[in-house]
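Following: one structure in structure tokens, then a few remarks.
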Amino acid sequence: MKFFIDTANLAQIQEAHDLGILDGVTTNPSLMAKEGIKGEAAILQHYKSICEIVGDGDVSAEVFSTDFASIIEEGKKLAAIDSNIVVKVPMIKDGVKAIKWFTDNNIRTNCTLVFSAGQAILAAKAGATYVSPFIGRIDDSSWDGVELIAQIAQIYSIQGFKTEILAASIRNALHIVKCAEAGADVCTCPLDSILGLLKHPLTDIGLAKFLEDAKKM
Ligand code: G3P
């Protein structure tokens, strides 16, 4: 399973990259706004900086448009920033049309705001490179986000769809473990959830004892 970081914060991207386990980055308009990025030139420059940090990893850059022609125009500009840019497109009618167009024109896509297996089938039919089910938001609405990942994984495997399942809206380390178990190809996570995987009280207790005994050596 690939690890992406779900942020537009350059320091956090650098920290995850330095850990040596980072395969890519996902962003969205909310995450970009949080970093104070405003205006087309600043947006394009910010994506460029992210691509420079992650090197070979994929970087999802989301379009703001909702009509076919504007999504294509915006997506082409984003894709031109770097060969690792993946154009993130919402699961709407014009979005699906645009994903098909991008696929036919060798531009990789990430279909976002996916909350059902039906939407995931449509994204795969259109040729999306990645499909992003938002598991934390599904949990928030009293449904089971991880169950959706397992359902999509089963459908894609039976049908032979090549679209990669990118589990998004991850809220904690347990989500990452459960998504790995359920067959996600990628997890995109906040830095805290990635670092949460490190933690176990018995590791801390064991290390303290080893360090104490090391002094007797
Ligand atoms: O990038 C999409 C996604 O990961 C959003 O997460 O926490 O806003 O539900 P969240």
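We use all heavy atoms of the structure for the numbers below, so side chains are in, but hydrogens, waters and symmetry mates are not. In each ligand, atom 1 is the first atom listed, and ligand 1 is the first ligand listed. Please read these numbers as outputs of a predicted model, since none were measured by experiment.
Atom CD of Gln154 is surrounded by 12 or fewer heavy atoms from other residues, nucleotides or ligands within 6.0 Å. Atom NZ of Lys216 sits in a crowded spot, with more than 12 heavy atoms from other residues, nucleotides or ligands closer than 6.0 Å.
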- Item | Derivation of the side chain to side chain donor-acceptor pair (under 3.5 Å) call for Thr112 and Tyr130 | CA-CA 9 Å; Thr112 190; Tyr130 296 106; over 6 Å; no

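Under a 4.0 angstrom heavy-atom cut-off, Asp6 registers as being in contact with ligand 1. Within the 4.0 Å heavy-atom shell around ligand 1 one finds Lys88.
With hydrogens and angles disregarded, no donor-acceptor distance shorter than 3.5 Å links the side chain of Asn28 to the backbone of Glu62. Between the side chain of Thr109 and the main chain of Lys88, no donor-acceptor pair closer than 3.5 Å is present.
One finds the CD1 atom of Ile176 at 6.0 Å from the CD1 atom of Ile170 (value rounded to the nearest 0.5 Å).
Remark: minimum distance from atom 2 (C) of ligand 1 to any protein heavy atom is reached at Phe134 CZ, 3.3 Å.
Of the polar atoms of Ser169, at least one N or O is found under 3.5 Å from an N or O of ligand 1, judged by distance alone. Considering both main-chain and side-chain atoms, Thr112 never comes within under 3.5 Å of ligand 1 through any nitrogen or oxygen pair. In terms of polar-atom proximity, Asn28 is counted as a contact of ligand 1, with an N or O under 3.5 Å from an N or O of the ligand.
Near Ala168, meaning under 4.0 Å from one of its heavy atoms, ligand 1 places the atoms 4 (O). Atoms of ligand 1 found under 4.0 Å from any heavy atom of Arg137 (numbered from 1 in listed order, with element): 5 (C), 8 (O), 9 (O), 10 (P). With ligand atoms numbered from 1 in the order given, ligand 1 contributes 7 (O), 9 (O), 10 (P) to contacts under 4.0 Å with heavy atoms of Arg171.
Electrostatic pairing of Asp58 and Arg108 counts as a salt bridge here, judged by a charged N lying under 4.0 Å from a carboxylate O.
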